[in-house]
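Below: one structure, written as structure tokens.
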Amino acid sequence: MGDDIDAGWNEGWLGALLLYGAGALLALLLAKAGGLVWPAAAAAGLALVAVGTLLRRRPRVRAPLEDEMLARRAARLTDLTVEGLMAALPVPAILLDPKLAVRTHNARAAALLPALRRGEPLTLSLRAPEVVEVVRRALASNSPQVIDYAERVPVARWFSVEATPVAVTPEARDGSRADFILLSLRDLTEERRLEQLRADFVANASHELRTPLASVVGFIETIQGPARNDPEARERFLGIMLAQARRMSRLIDDLLSLSRVELNEHVRPGAVVDLVQLLRHVRDTLGPFAKAQGVTVEIDARPATLPVLGDNDELIRLFENLVQNAIKYGAEGKRVEITLDREARDGRAAEAIVSVRDHGPGIPAEHLPRLTERFYRVDVASSRDKGGTGLGLALVKHILNRHRGRLSIESVQGEGATFTVRIEALDTDGATDLPVAGGA
């Protein structure tokens with residue numbers, strides 16, 4: 001440690017060796033040149049060594065420069081300690097000064113608020129007046145303050161925000177004021193979604209299952225009563241009951257799928273999915289259904305591959321819904337066209353574009369804005385006859401929300417409808433470095 005070593009005579013073995021050597025040399029000179037006897041010369045040399053030793057052990061006074069160096073070292077240690085503690089916190093955390101400028105933050109906070117910058121006001125990165133107000137209340141009262149806060153973009157997320165005063169200096173502790181405010185955020189999104197999903201599931205299931213259940217109960221009572229001995233009526237009623245039971249099963253499957261997607265809607269998928277391969281799989285899967293309807297499904301894939309970040313199973317469900325709807329409701333057009341393309345955008349990542357077009361009767365313009373609502377149907381009777389649950393396009397919307405994608409719908413009555421999906425595309429070269437989703 002070079003900072004703590006004095007130069008020359010004051011420190012170390014070199015100073016001691018030189019001191020003893022000077023004593024011996026003095027004794028030799030006094031004996032030879034001064035004419036002293038050896039005992040007297042040796043005594044004089046020892047006296048010199050003793051005086052030098054006492055001088056070397058005098059109290060040491062630190063130079064002002066050394067004190068400044070130690071102060072800087074302590075300051076560095078404090079900064080490193082704060083950074084380490086912030087990084088170890090299990091929640092997004094931001095340290096603010098009394099002027100609401102960001103002093104430091106951890107990686108979790110940076111992931112949640114990418115615009116955070118040290119030294120800049122919190123208001124530049126967090127446009128939430130209620131959070132700023134809770135920080136000011138914590139400063140004024142010198143006590144922790146808590147508030148619930150919601151982010152709406154790109155998807156809805158909920159947080160519990162706590163502003164805690166931090167007193168570091170003795171002056172702040174004695175004066176009951178804060179040197180800093182520690183802002184911590186706890187993610188409540190999953191809890192809120194579970195609460196909402198439970199409520200929605202009960203409401204939707206009770207509403208949509210009531211009619212088919214009543215129908216099944218009525219037919220069972222008829223078979224047990226008036227139609228007990230009528231084989232023809234019994235067979236017809238059993239067929240209707242089977243269709244209603246299958247409809248209830250599809251409804252429950254769609255509700256459960258929708259609930260799972262909504263629960264994870266705030267977590268963006270991270271695996272690579274090739275949409276060209278996936279759409280071919282969807283076409284092959286729906287081949288028997290399309291053949292039964294007399295419809296051909298054609299794919300025009302302009303790029304050879306079209307990789308995106310996504311969940312393989314959810315994207316299959318999304319495009320199965322779109323293609324199946326096109327086959328069911330556009331069957332009179334006899335064909336469904338799927339087009340895949342890649343579109344470059346200035347200053348932003350390119351988009352993967354998938355269009356599913358049918359040549360059926362089309363959709364009246366007044367219905368287009370509401371098609372992705374739960375249980376919304378253009379023609380209720382026709383939808384139920386074709387086995388629809390009213391949840392297919394709602395599921396498409398929420399899957400796209402999770403993938404940060406968009407859905408657009410265009411239709412002209414008598415000319416069919418086109419459903420277009422847009423998802424951020426990956427560079428073909430960079431896609432190989434990411435995890436690939438399971439086989440389609």
Is it the case that more than 12 heavy atoms not belonging to Arg246 sit under 6.0 Å from its CZ atom?
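No, not enclosed.
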With a 6.0 Å cut-off (strictly less than), is the heavy-atom count around CZ of Arg103, excluding the residue itself, greater than 12?
no
Below 4.5 Å, heavy atoms only, C-beta onward: do [X] and [Y] meet side chain to side chain?
X: Val356; Y: Thr418; value: no
X: Ile353; Y: Leu340; value: no
X: Ile338; Y: Val354; value: yes
X: Ile363; Y: Leu371; value: yes

Any salt bridge between [X] and [Y], counting N to O under 4.0 Å?
X: Glu343; Y: Arg422; value: yes
X: Glu351; Y: Arg345; value: yes
X: Glu83; Y: Arg118; value: yes

Check: [X] side chain, [Y] main-chain N or O, donor-acceptor pair, under 3.5 Å:
X: Asp274; Y: Leu306; result: yes
X: Asn106; Y: Ala93; result: yes
X: Arg283; Y: Val297; result: no
X: Asp179; Y: Ala167; result: no
X: Thr285; Y: His281; result: yes
X: Arg108; Y: His105; result: no
X: Arg404; Y: Leu400; result: no
X: Thr189; Y: Trp158; result: yes

Can a donor-acceptor pair be found between the side chains of [X] and [Y] at a distance below 3.5 Å?
X: Gln145; Y: Ser143; answer: yes
X: Ser125; Y: Glu120; answer: no
X: His403; Y: Glu424; answer: no
X: Thr420; Y: Ser355; answer: yes

